[in-house]
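Because the structure is predicted, anything quoted here is derived from the model rather than measured.
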Amino acid sequence: MHSVVLTKGVPDFREGQVSFDEDGHLERGATPTVMNPNDEFALQAALQTKVKQGGRVSVMSMGPPGYESVLEEAMGVYADDLYLLSDREMAAADTWSTAITLSGGIEKIAEEDGQSGEPDLVFAGFKTADGETGQTGPQTSWCLDRPIVTHVISLDVDEEAGRLRAKRLVEGDVDEIETVEAPLPAFVVTDPEFEPSYRRAEHRLRHKRLVAETEERVAEYEDHLTTWSAEDLDLDPDFIGLDGSPTIVSGVDPIPKAPSEREATTMTPDDEEGMAELLETMRPMAGGD
């Protein structure tokens with residue numbers, strides 16, 4: 001069983017990490033890049049599949065050379081090997097040209113693996129923290145001509161039968177959970193509600209061993225990293241990067257700036273009068289009268 005997990009580097013939106021220019025636009029060069037938080041659920045789903053079925057987990061990202069740190073972070077969750085698709089020709093890509101590039105990378109892995117063929121499962125997280133479109137996963141699935149299951153919250157794979165069974169969250173007027181099946185190879189988009197399950201003792205022991213092994217590999221992640229250019233993937237320059245991006249941005253709204261300075265008042269629990277004033281100040285924020 002071979003799983004490929006797609007991950008993306010996004011700005012670190014934690015307070016104090018984000019830098020803006022004078023117009024309120026994000027300064028990517030001055031803001032640290034981290035792994036998209038939703039991608040950890042995809043990594044956990046791939047790890048669960050490896051624990052129960054064996055095999056291999058590959059993690060792939062597209063981005064500049066600095067994205068190696070994103071793959072190092074992914075290695076910390078779990079990965080056997082890492083792939084970075086990096087080339088100036090791939091820069092400024094929208095979701096569609098990104099999907100074309102990622103599908104080219106997955107097909108390249110299948111080509112390198114020879115007779116073992118294409119990966120059984122491709123995992124992606126739900127939305128990225130910067131784009132919020134949720135389009136890249138489904139578009140990559142379309143490029144690979146695979147069945148796709150989205151909003152997956154739990155997953156079981158029957159390798160012998162060549163099928164997966166998943167529970168997925170259906171959001172609407174009333175949240176519902178439905179169970180679906182799909183043939184392998186397939187594409188899975190995990191929901192932030194995904195929870196790995198290790199009910200059998202042998203699975204819990206194997207999970208513990210694999211996590212310990214990958215922690216040791218993090219320090220030597222570069223030994224497990226392969227970098228491919230557009231030429232390596234034999235991609236048509238007209239279909240990748242900015243030239244291959246049909247998206248037209250009609251406008252950009254500056255991100256509201258946080259106050260540059262804040263005033264703090266120190267009080268102790270023994271200050272009954274001060275605590276009462278604080279509660280009165282906070283009551284409207286909590287929806288009280």
Side-chain angles (χ1 to χ4, degrees), residues 1-8 39 41-63 67 71 74-75 77-87 90 93 95-126 135-150 152 155-166 168 180-190 194 210 224-236 239-240 244:
M1 180 66 58
H2 182 198
S3 299
V4 175
V5 183
L6 304 180
T7 186
K8 183 187 178 188
D39 295 345
F41 301 102
L43 284 162
Q44 292 290 354
L47 173 56
Q48 177 192 278
T49 302
K50 166 145 184 168
V51 167
K52 295 182 178 180
Q53 304 292 331
R56 161 184 162 212
V57 175
S58 303
V59 179
M60 177 181 289
S61 186
M62 187 191 88
Y67 272 34
L71 290 169
M75 175 69 90
V77 180
Y78 189 83
D80 290 291
D81 41 43
L82 306 168
Y83 293 89
L84 177 62
L85 313 183
S86 185
D87 194 311
M90 302 173 185
T95 60
W96 179 240
S97 60
T98 299
I100 290 175
T101 306
L102 291 172
S103 62
I106 294 167
E107 289 169 349
K108 177 74 171 177
I109 290 178
E111 178 185 326
E112 297 273 304
D113 285 350
Q115 292 184 344
S116 58
E118 61 181 318
D120 302 282
L121 286 165
V122 179
F123 291 94
F126 173 64
Q135 296 173 347
T136 302
Q139 288 174 336
T140 306
S141 172
W142 189 90
C143 291
L144 295 169
D145 193 23
R146 289 179 172 224
I148 182 171
V149 185
T150 60
V152 171
L155 178 70
D156 284 304
V157 178
D158 187 338
E159 186 175 12
E160 187 173 337
R163 302 188 68 80
L164 67 83
R165 172 175 288 191
R168 62 185 301 272
V180 299
E181 288 190 353
L184 300 176
F187 199 106
V188 173
V189 177
T190 52
F194 179 86
L210 290 176
H224 304 272
L225 174 65
T226 299
T227 301
W228 283 330
S229 66
E231 184 177 0
D232 292 329
L233 302 181
D234 195 24
L235 296 173
D236 187 332
F239 292 95
I240 61 173

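- In this structure, the salt bridge (charged side-chain N to carboxylate O under 4.0 Å, His left out) partners of Glu112, at least two apart in sequence or on a different chain, are Lys108.
- Residues passing the salt bridge (charged side-chain N to carboxylate O under 4.0 Å, His left out) test with Asp87: none are found, sequence neighbours excluded.
- Nearest heavy-atom pair, Ser61 versus Thr7, reported as atom, atom and distance to 0.1 Å: OG-O, 3.0 Å.
- Leu102 CG to Ile240 CD1: the interatomic distance, rounded to the nearest 0.5 Å, is 11.5 Å.
- Taking both residues in full, the closest heavy atoms of Tyr78 and Leu43 are given as O-CD2, 3.6 Å, listed atom of the first, atom of the second, then distance.
- In plain terms, the two heavy atoms of Ser141 and Arg146 that are nearest each other are OG-O, 3.0 Å.
- Counting only distance, with no hydrogens or angles, the side chain of Ser86 and the backbone of Gly63 share a donor-acceptor pair below 3.5 Å.
- Pairing each heavy atom of Val149 with each of Ala182, the nearest pair is CG2-CB, 4.1 Å.
- The nearest pair of heavy atoms linking Asp80 to Gly55 is OD2-O, 4.3 Å.
- Distance CD1/Ile100 to OG1/Thr136: 11.5 Å, rounded to 0.5 Å.
- The OG atom of Ser229 sits 6.5 Å away from atom CE of Met90, with the distance rounded to the nearest 0.5 Å.
- The nearest pair of heavy atoms linking Thr140 to Ser103 is CG2-N, 4.1 Å.
- Side chain of Glu118 to backbone of Pro185: no donor-acceptor contact under 3.5 angstrom is found.
- Side chain of Gln48 to main chain of Leu155: a donor-acceptor pair is present (N/O by atom type, distance under 3.5 Å, no hydrogens or angles).
- Judged purely by atom type and a 3.5 angstrom limit, Asp81 has no side-chain atom pairing as donor or acceptor with the backbone of His224.
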